[in-house]
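Just below is one structure, and these are the notes that go with it.
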Amino acid sequence: MTVSHAPPSSIPAPLEKPSAPTRTPPELEAVVPASVRRSRLRAAPRWVRRAVGPLLLLVLWQVFSATGVLEPDVLASPGTIARAGADLMADGTLPAAMGVSLQRVVVGLLLGGVIGTSLALVSGLSRLGEDLVDATVQMLRTVPWVGLIPLFIIWLGIGEAPKVALIALGVAFHLYLNVYAGIRGVDAQLIEAGTSLGLGRWGLVRHVVLPGALPGAMTGLRYSLATAWLALVFGESINADAGIGFLMNQAREFFRTDVIVVCLVVYAFLGLTADVIVRILERLLLQWRPTFTGQ
């Protein structure tokens, strides 16, 4: 018997799937937090950032002067002003005028500071003192103190007295308002805590009330200094024969805009210096008070 062998059936090979095309992964960009971007902007020293605005203003001023947009009779160029300032410094005119003006401001600031602070203490620490003092001071402070110049001339003459009195008047009102507000703004719970610890009236005033009112006093001092320089400008227009205002009046007669701007720059420089001194005092006297310094 013949056995036939059938050929094995051919098994088809499995089909291979076509390979997917390779994709290039997208490039990833590093995400920089906003705080890091701000820190890069702050990499430059602070004095450099603060100087950008004034320097840009000087550049524009010089360009306008050089191109004739600003006429010399209207406003002198920065170069001309710098030369005028150097000449005034070289012959001693400007230092002497600065010394006279500083003396007037210091005397008026001390006099007005003593008066304003004393009235604020009387009015802030006592209800009876408030009834006797506050209404009168509030009434007087609404009177434009510049408008009192004619009366000061009649009462005090045309010497140094009316100039110093005008500065003292402007200083006294600012200090009074801020010191009084600082005293009345002290937390009542601190007063109760001091009383429970056995502090008497003057102990509370010394250890609780006055330290609590110190921030307001520093704010009032800054306002007072700004007012003192403003009052000096008006005061030195009262028949002054020395000082920065006297130089400005002389320059006005001869249309010297360069000298006028030099005097204005000196006023601004002295005022800025006084403000820096007060800021330093605030850091020294108010170290106990945490404050927000910006982000």
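Side chains included, hydrogens not; waters and symmetry mates left out as well; all remaining heavy atoms used.
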Problem set entry | Co-membership, hydrophobic cluster, residues Val100 and Ile260, 4.5 Å side-chain | no
Exercise. What pairs meet the side-chain hydrogen bond (donor to acceptor under 3.5 Å, both in side chains) rule with one or both residues in residues 260-280, with sequence neighbours excluded?
Worked result: Arg222-Asp275, Glu236-Tyr267, Asp275-Arg279
Exercise. Could you state the interatomic distance from CG (Leu225) to CD1 (Ile277), rounded to the nearest 0.5 Å?
Worked result: 8.5 Å
Exercise. Do you reckon Leu60 sits in the same ILVMFWY cluster as Val52, going by side-chain contacts under 4.5 Å, direct or chained?
Worked result: no
Problem set entry | 4.5 Å side-chain heavy-atom contact, Phe152 and Leu169 | yes
Problem set entry | In one Ile/Leu/Val/Met/Phe/Trp/Tyr side-chain cluster, 4.5 Å: Phe246, Val105 | no
Seminar exercise, completed: Residue set satisfying side chain to side chain donor-acceptor pair (under 3.5 Å) with Gln103, at least two apart, ordered chain then number -> none
Exercise. Roughly how far, to the nearest 0.5 Å, is the OG1 atom of Thr117 from the CG atom of Asn178?
Worked result: 10.5 Å
Exercise. Testing Asp87, Leu88, Thr257 for side chain to side chain contact (heavy atoms under 4.5 Å, CB included) with Val262, which one passes?
Worked result: Leu88
For this session: State, to 0.1 Å, how close Leu247 and Thr93 come at their nearest heavy-atom pair, and which atoms those are.
Result: CD2-CG2, 3.5 Å
Exercise. Other than Phe255, what residues sit in its cluster of Ile, Leu, Val, Met, Phe, Trp and Tyr side chains whose heavy atoms are under 4.5 Å apart, directly or through others?
Worked result: none
Problem set entry | Contacts of Arg184 that satisfy side chain to side chain donor-acceptor pair (under 3.5 Å) - sequence neighbours left out | Glu130
Seminar exercise, completed: Distance col, row Trp155:CH2 vs Leu148:CG, nearest 0.5 angstrom, shows 7.0 Å
Problem set entry | Leu57 with Val266, same ILVMFWY side-chain cluster at under 4.5 Å | no
Exercise. Restricting to pairs with a member in residues 166-185, which pass ring-ring contact (aromatic ring centres under 6.0 Å, His included), not counting sequence neighbours?
Worked result: His174-Tyr223, Tyr176-Tyr180
Problem set entry | Ser224 to Leu175 - nearest heavy-atom pair and separation | OG-CG, 3.4 Å
For this session: Look up atom CD1 in Ile280 and atom CZ in Arg283, then write down how far apart they are to the nearest 0.5 Å.
Result: 7.0 Å
For this session: Only counting residues at least two apart or in another chain, list the ones meeting side chain to side chain donor-acceptor pair (under 3.5 Å) with Asp131.
Result: none
For this session: With sequence neighbours excluded, give me every side-chain hydrogen bond (donor to acceptor under 3.5 Å, both in side chains) pair touching residues 159-172.
Result: Arg104-Glu160
Seminar exercise, completed: Those residues at least two apart in sequence (or on a different chain) that pass side chain to side chain contact (heavy atoms under 4.5 Å, CB included) with Asp258 are Ala76, Thr80, Ile81, Ala84, Arg256
Problem set entry | Sequence neighbours excluded, every pair satisfying side-chain hydrogen bond (donor to acceptor under 3.5 Å, both in side chains) that has a member inside residues 60-69 | none
Problem set entry | Least distance between heavy atoms, Asp134 atom then Ser123 atom | CB-OG, 3.6 Å
Pair up each side-chain donor or acceptor in residues 209-219 with any protein partner under 3.5 Å, not counting sequence neighbours, and list the distances.
from, atom 1, to, atom 2, distance (Å)
Thr219, OG1, Pro215, O, 3.1

Problem set entry | Closest approach of Val114 to Ser118 (non-hydrogen atoms, all atoms of both residues) | O-OG, 2.6 Å
Problem set entry | Ser101 side chain to Met98 backbone, donor-acceptor under 3.5 Å | no
For this session: Kindly compute the distance separating CG (Leu121) from OG (Ser126), expressed to the nearest 0.5 Å.
Result: 11.5 Å
Exercise. If you look only at pairs with a residue in residues 139-157, which of them pass as a salt bridge (Lys or Arg N to Asp or Glu O under 4.0 Å), with sequence neighbours excluded?
Worked result: none
Exercise. Would a 4.5 Å heavy-atom cut-off, applied to side chains only, mark Leu270 and Ile244 as touching?
Worked result: yes
Seminar exercise, completed: For Leu166 and Ala231, the nearest pair of non-hydrogen atoms, with its separation, is CD2-O, 3.7 Å
Problem set entry | Other cluster members, Val59 - Ile/Leu/Val/Met/Phe/Trp/Tyr, side-chain contacts below 4.5 Å | Val63
Exercise. Is Val106 reachable from Val164 through a run of hydrophobic residues whose side-chain heavy atoms are each under 4.5 Å from the next?
Worked result: no
Problem set entry | Atom pair CG (Leu109) and CH2 (Trp229), whose distance is rounded to the nearest 0.5 Å | 9.5 Å
Problem set entry | Shortest non-hydrogen contact from Ala228 toward Val171 | CB-CG2, 4.0 Å
